[in-house]
Protein chains: 2
Amino acid sequence: MISPIQVRDMSPRHLRNSCTNCSLRELCLPLGLSQEEMQELDTIITQARPIKRGEALYRAGEPFRSLYAIRLGFFKASVISEDGREQVTGFHMSGELMGMDAISTDVHTCDAIALEDSEVCELPFNDIEDLSREIPLLQRHFHKVMSREIVRDHGVMLLLGNMKAEERLAAFLLNLSQRFAIRGYSSSSFHLRMTREEIGSYLGLKLETVSRTLSKFQDQGFIKVQNRLIELENIDSLKKLLNTCHDE
Amino acid sequence: MISPIQVRDMSPRHLRNSCTNCSLRELCLPLGLSQEEMQELDTIITQARPIKRGEALYRAGEPFRSLYAIRLGFFKASVISEDGREQVTGFHMSGELMGMDAISTDVHTCDAIALEDSEVCELPFNDIEDLSREIPLLQRHFHKVMSREIVRDHGVMLLLGNMKAEERLAAFLLNLSQRFAIRGYSSSSFHLRMTREEIGSYLGLKLETVSRTLSKFQDQGFIKVQNRLIELENIDSLKKLLNTCHDE
DNA sequence: CGGCAAGTTGAGGGCCATCAAGTCTGGTGG
DNA sequence: CCACCAGACTTGATGGCCCTCAACTTGCCG
């Protein structure tokens, strides 16, 4: 276990200022530091960049300098194919890191759009690399975060390649539910930040299919839908959809 | 530019033995070292692990220790859903790195199966992290490789979420063609290492659809199919399929 | 040569896209 | 405050793409 003091002492001098230090908190958050240690880290943090609903955090084609830790809010990430089709590659919420796709070419390959008023912490990538050379625990953590993104993408590929519309939507709702729960929000009642079309783009469905399937779930008593407010009324049924919907 | 001598001197003592040093070559290969430097690196390399066709390099659930650089051969990576459905997440050939999904949980999440007799170089992950703390160029390269995997996955998501069967197959063939070309093989004539079913799993199609679509391409004069031997006869037509197949 | 996996091809049906019409909602301005 | 409008959403009808099932052929290996 590293103490925050140690962290500060280990970091290069030019990293001791303002926002860069957010990186310490954001990236060390899941490292299991004690509450006191986290509070000490907090004292170093100064500012976060606000992003209004609808604004882009970055866009495909822009040069890459920083990763972004979401402090608050909700984003979608999407790629646009040469011929103009949008594929939402992910929805991201507080505590998650965005922009890792850009490392490969030093150019962002996705758009990142805020779906509600949000706050992010900019983490200059050079600083991350410098720091993670000095703090093995941070290095390890960063690698795990990138790896987790790969695993997540594989899950989406499984969903897109194998599942039917009902299963996709059930998986989507359960995934959201779980992520809200982790953050201390209700796991059974939440507000969708995205349109049906964005859900559809993510799940490889058309917006009409998303809408129809939600209605179907509601008719079956699995969920209650009021516009973007979703209430899960029978989570087990949704889970069963995922496990039993096929032959073999 | 770092010299291999320098590399050796910088590396911790326990890394100076046999196979670990493969990592230097495999990972430094794209770093733009001079030919002399690469040859020096080669002298350090001793062994590579052979994997026979059909054998697993690793399987989901196994503990994670190492990444693997493919020296020779061809692999598929696939995830199995809880209910037994297989999704091929990628096909990998010489020079590529496998296993990065496992970093997140220290457990492999994919199966990696050799589709032809292959050779891999085992890269203990601890060594990679140790080394990349000492060699910023290596650190950067490793991050780029992981990031590239994420970008690739996003491309597959776009394919699975937006494209029709013909487009998927055209994209698949063109991608293979390009990757063979990079490795010095013919870009217009190559041998598929995987079954129609594996192609289908990767592309989110059934094997019959893959077969039918290949036949269709052949009828149209785009390609020639003889079992697993593919000859691209009209690459432009295939590319056009990707760019013009939709309305907006 | 026999046996089996891999691949091809056809027929039919189901799931979801597409097109279309209408409703609802939230924001804006009079 | 309310009318209004554009975008978001719902629901229905229809059709097409691809899955499914089935039969057959081909290639491969002992």
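Here is the naming used below: chain letters follow the sequence lines, and residue numbers restart at 1 for every chain. None of the values given here were measured: they were computed from a predicted structure.
Separating the CD atom of B:E197 from the C1' atom of D:dT20 is a distance of 14 Å, rounded to the nearest angstrom. The interatomic distance linking A:L160 (CG) with D:dC18 (C1') rounds to 16 Å, in whole Å. Regarding B:R196, its CZ atom lies at a distance of 4 Å from the P atom of C:dT8, rounded to whole Å. If you take CD of A:E198 and C1' of D:dG7, they are 12 Å apart, rounded to a whole angstrom. Rounded to a whole Å, the CG atom of B:D219 is 8 Å from the P atom of C:dT9. With rounding to whole Å, A:K216 atom NZ is found 8 Å from C:dC16 atom P. One can place CD1 of B:I230 at 14 Å from C1' of C:dA6, the figure rounded to the nearest angstrom. Atom CG of A:L229 is separated from atom C1' of D:dC9 by 15 Å (rounded to the nearest Å).
Of the residues near DNA chain D, A:V210 and B:A165, the one whose nearest nucleotide (by heavy atom distance) lies more toward the 5' end is A:V210.
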query: Does the side-chain contact (heavy atoms from CB on, under 4.5 Å) test come out yes or no for A:M93 and A:F75, once each step is laid out?
result: CA-CA 6 Å; A:M93 41 207 292; A:F75 287 82; over 6 Å; no

message: A:L203 vs A:I199, test: side-chain contact (heavy atoms from CB on, under 4.5 Å). Steps then yes/no.
response: CA-CA 6 Å; A:L203 298 178; A:I199 297 173; 3.6 Å; yes

- prompt: Please walk me through it: do A:L174 and A:K239 pass side-chain contact (heavy atoms from CB on, under 4.5 Å)?
  reply: CA-CA 8 Å; A:L174 290 170; A:K239 287 182 179 165; 3.7 Å; yes

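A:G204 comes within 4.0 angstrom of sugar-phosphate atoms only, judged by non-hydrogen atoms across all strands, and of no base. Across all strands, B:R228 comes closer than 4.0 Å only to sugar-phosphate atoms, never to a base (heavy-atom distances). At a threshold of 4.0 angstrom between heavy atoms, the contacts of A:L214 with the nucleic acid are absent.
Distances shown here put a side-chain N or O of A:K206 below 4.0 Å from the OP1 or OP2 atom of C:dT18. The side chain of B:T209 contributes no N or O atom lying less than 4.0 Å from OP1 or OP2 of D:dC17. The phosphate of D:dT10 (OP1 or OP2) has no side-chain N or O of A:R212 nearer than 4.0 angstrom. Phosphate proximity of C:dT9 to B:S215: present, with a side-chain N or O under 4.0 Å from OP1 or OP2.
On a pure distance criterion of 3.5 Å, a polar donor-acceptor pair joins the side chain of B:E208 and the base of D:dC21.
Evaluated for a side-chain hydrogen bond (donor to acceptor under 3.5 Å, both in side chains) with B:E86, the options B:S201, B:S78, B:S81 yield exactly one hit, B:S78.
Side-chain contact between A:V156 and A:Y202 is present, with heavy atoms from C-beta onward closer than 4.5 Å.
Minimum atom distance to the side chain of A:V225 is reached by D:dT10, of the listed C:dA17, D:dC19, D:dT10. Closest to the side chain of B:L205, from the set D:dT11, C:dG7, D:dC19, is D:dC19.
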